Amino acid sequence: DLELFPAPPDTDPACNLLSGTLTRVIYEKRTGGFLASVDVGPLTFTCRLTSEKARDFTIRPGQTAFVRFPMNAVRWHCLNS
């Protein structure tokens, strides 16, 4: 449910929108898609992109990217419990 955009998308009151820095792009040979990681402060969000979505914009590490997601799309992991 995480969506990645190169520019701020239309607002959706049911979703959160964060901007960050695209830090990693990995090609998935099996699917032909990509995994893209965006650092937003101390958090890293990883989004799966289809090849069609990746063609919509050029994705390069270091560029600003926007992540949109509903709250139930995020899984939180506690490291020191």
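Predicted model only: the values in this text are computed from it and were never measured. Positions are given from 1, in the same order as the sequence printed here.
- For F34, the ring pair (Phe, Tyr, Trp, His ring centres under 6.0 Å) criterion is met by Y27, not counting sequence neighbours.
- Residues in residues 35-48 take part in these salt bridge (charged side-chain N to carboxylate O under 4.0 Å, His left out) pairs, two or more places apart or across chains: E28-R48.
- R60 is linked by a side-chain contact (heavy atoms from CB on, under 4.5 Å) to T58, Q63, counting only residues two or more places apart in sequence or in another chain.
- Considering every non-hydrogen atom in both C15 and P70, the closest pair reads SG-N, 4.0 Å.
- Smallest separation of non-hydrogen atoms from G32 and S51: O-CB, 3.2 Å.
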Could you list the donor-acceptor pairs under 3.5 angstrom formed by side chains in residues 5-12, with sequence neighbours left out?
| unit_1 | atom_1 | unit_2 | atom_2 | d |
| --- | --- | --- | --- | --- |
| D12 | OD1 | A14 | N | 3.0 |

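- Residues K53 and L4 approach most closely at CE-O, 3.3 Å, considering heavy atoms.
- Shown here are the side-chain contact (heavy atoms from CB on, under 4.5 Å) partners of P61, two or more places apart in sequence or in another chain: V25.
- Residues satisfying the ring pair (Phe, Tyr, Trp, His ring centres under 6.0 Å) test with F66, not counting sequence neighbours, are none.
- Among T21, T23, L22, L43, the single residue meeting the side-chain contact (heavy atoms from CB on, under 4.5 Å) criterion with V38 is L22.
- Under a hydrophobic clustering in which Ile, Leu, Val, Met, Phe, Trp and Tyr are joined whenever their side-chain heavy atoms come within less than 4.5 Å, directly or via other members, V40 and L2 fall into the same cluster.
- Applying the side chain to side chain donor-acceptor pair (under 3.5 Å) rule to T46 yields the partners S37; only residues at least two apart in sequence or on another chain are considered.
- A search for salt bridge (charged side-chain N to carboxylate O under 4.0 Å, His left out) contacts involving R24 returns nothing, not counting sequence neighbours.
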